[in-house]
Amino acid sequence: MRKIFILSLTFLFVLTLSPFTQADEIKIGACIYRFNDAFMLRFRNAMSAESEKAGAKIEIADGQDDQTTQNDQIDAFIADGVNVLIVNPVDRMASQPIIDKAKAANIPVVFINREPTAEMLNSYEKAYYIGAKAEESGTQSGELIAEYFKAHPEADKNHDGKLQFILLKGQNGHQDMILRSKYSVEAIKAAGIEPVEIASAIANWDKLQAMNIMNAFAMAIGPENIEAVIANNDEMALGAVEALKNSDYNKGDKDFYIPVVGVDANASALEAMDKGEMLGTVLNDADNQGIAAVKLAVALASGGDVNAIGYDITDSKYIWIPYQKVTRGENK
Ligand code: BGC
Ligand code: CA
């Protein structure tokens with residue numbers, strides 16, 4: 001009897017003093033800016049699958065594109081005693097209060113997809129960011145267009161040697177909107193082609209908004225005067241493709257074709273590429289970003305070694321997942 005008592009006491013002692021938490025006790029509270037986003041859906045699926053693999057519990061909240069809603073969800077997760085937070089902020093510039101709350105509760109926080117400033121991340125040693133270098137995707141999508149333009153002299157519809165393009169941008173303030181817009185155009189210049197922006201608009205990563213905008217542009221400008229469409233993501237590229245099809249472009253006839261590029265490599269974009277409706281895209285590796293986020297979260301919550309999770313951590317803060325160009329060979 002006495003022996004059992006001592007044994008259970010020892011057991012209790014070990015449990016309370018151990019700095020390590022078993023994976024099956026780890027609760028991850030994850031906040032996504034908006035569930036209704038094709039890329040973030042891939043991200044969520046990757047995180048759920050990896051959590052199951054690690055034996056951790058993950059709860060994912062839909063911020064519905066509203067920072068106030070998301071802040072409430074973060075409060076609720078903290079009150080609920082989650083061991084670690086994964087946050088895809090609605091407004092990346094509003095990340096500081098989230099970091100402050102996590103710090104006050106001594107809960108590690110891993111940001112994903114929407115990058116807080118270095119200053120914000122540096123204000124808490126347990127704050128991290130996992131994403132992909134936005135300028136890299138911009139450069140690669142610009143290169144796809146430049147390669148096509150060079151391989152297809154007929155793509156220069158008005159024979160002026162310059163590239164008349166339309167730019168469809170994601171949400172204002174998002175690093176991927178700012179840097180993809182800039183670097184795609186830079187890459188065209190670097191390839192020795194003069195880019196001429198004939199129109200641009202913000203379509204908030206959204207297919208329907210992009211389709212409506214592109215319908216209006218095609219009407220106003222005439223599809224025969226558009227030499228390329230560069231979209232900050234695949235959903236907007238697909239919206240543009242729909243609009244061009246309304247004008248009887250991009251339906252398979254090479255004389256009525258405008259190269260359209262996006263970013264993400266979502267399944268629907270790959271399908272459109274297979275059908276010859278869309279030129280190319282850049283793989284935004286949601287699987288690896290989601291896996292890295294959960295692995296890092298589990299390591300942080302369990303007192304494990306963050307440098308042993310299989311991903312390089314830069315400046316003790318960042319995990320960068322590389323982008324990759326995807327085409328169907330039309331560039332040759
Ligand atoms: C993706 C977009 C997505 C956005 C959400 C970007 O990295 O390319 O498709 O809508 O992230 O924040
Ligand atoms: Ca031209």
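Start at 1 and go down the list; that is how both ligands and their atoms are numbered. Here the structure is a predicted model, which means the values were calculated and not measured. Position 1 is the first residue of the sequence, and the numbers go up from there.
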I need the OE2(E227)-the Ca ion (ligand 2)-OE1(Q164) angle, rounded to 10 degrees.
90°
Heavy atoms of other groups near E197 CD, more than 12 under 6.0 Å
yes
Using modelled atom types and a 3.5 Å cut-off, is there a donor and acceptor pairing between side-chain atoms of D156 and backbone atoms of D160?
yes
Which N/O/S atom belongs to D160 and is the closest one to the Ca ion (ligand 2)?
OD1
Any nitrogen or oxygen of W205 lying under 3.5 Å from a nitrogen or oxygen in ligand 1? Just yes or no.
no
As an exercise, identify every atom of ligand 1 less than 4.0 angstrom from a heavy atom of Y33.
5 (C), 12 (O)
Donor-acceptor check, side chain of K317 to backbone of L121, threshold 3.5 angstrom: yes or no?
yes
Taking atom CD of Q324 as the centre, report whether more than 12 heavy atoms of other residues, nucleotides or ligands fall under 6.0 Å from it.
no
So is N233 polar-close to ligand 1, meaning N/O to N/O under 3.5 Å?
yes
Minimum-distance protein heavy atom relative to atom 6 (C) of ligand 1:
D176 OD2, 3.4 Å
So which bit of R114 gets within less than 4.0 Å of ligand 1, heavy atoms only: side chain, backbone, both or neither?
side chain
Take I198 and I166 through the test side chain to side chain contact (heavy atoms under 4.5 Å, CB included) and record every step on the way to the result.
CA-CA 6 Å; I198 44 178; I166 285 178; 3.9 Å; yes
Shortest protein heavy-atom distance from atom 12 (O) of ligand 1, along with the residue and atom involved
N113 OD1, 2.6 Å
Check whether any N, O or S atom of K162 sits under 3.0 Å from the Ca ion (ligand 2).
yes
Taking both backbone and side-chain atoms of N232, is any N or O found less than 3.5 Å from an N or O belonging to ligand 1?
no
For H174, counting its heavy atoms only, list the atoms of ligand 1 lying under 4.0 Å from any of them.
4 (C), 5 (C), 11 (O), 12 (O)
With a cut-off of 4.0 Å, which atoms of ligand 1 are near a heavy atom of N284?
1 (C), 7 (O), 8 (O)
Heavy-atom pair with the smallest gap, counting every atom of E115 and R92:
O-NH1, 2.8 Å
Polar side-chain atom of N122 near backbone of A118 as donor-acceptor pair, under 3.5 Å:
yes
Check all N, O or S atoms of D156 and name the one closest to the Ca ion (ligand 2).
OD1
Which one holds for E235 and ligand 1: side chain close, backbone close, both close, or neither close, with close meaning a heavy atom under 4.0 Å?
neither
Donor-acceptor pair, N266 side chain versus S268 backbone, under 3.5 Å?
no
Just how far is it from atom CG of L85 to atom CZ of F111, taken to the nearest 0.5 Å?
8.5 Å
When you measure from atom 3 (C) of ligand 1 to every protein heavy atom, which one gives the shortest distance, and what is it?
D37 OD2, 3.5 Å
Would you check the N or O atoms of R180, main chain and side chain alike, for any that come under 3.5 Å of an N or O of ligand 1?
yes
Classify the ring geometry of Y148 against H152: parallel below 30°, tilted from 30° to 60°, perpendicular beyond 60°.
parallel
Report the nearest protein non-hydrogen atom to atom 9 (O) of ligand 1: residue, atom name, distance rounded to 0.1 Å.
D264 OD2, 2.6 Å
Quick one, N233 with N284, criterion side chain to side chain contact (heavy atoms under 4.5 Å, CB included). Give me CA distance, side-chain angles, the key distance, then yes/no.
CA-CA 9 Å; N233 77 345; N284 192 2; over 6 Å; no
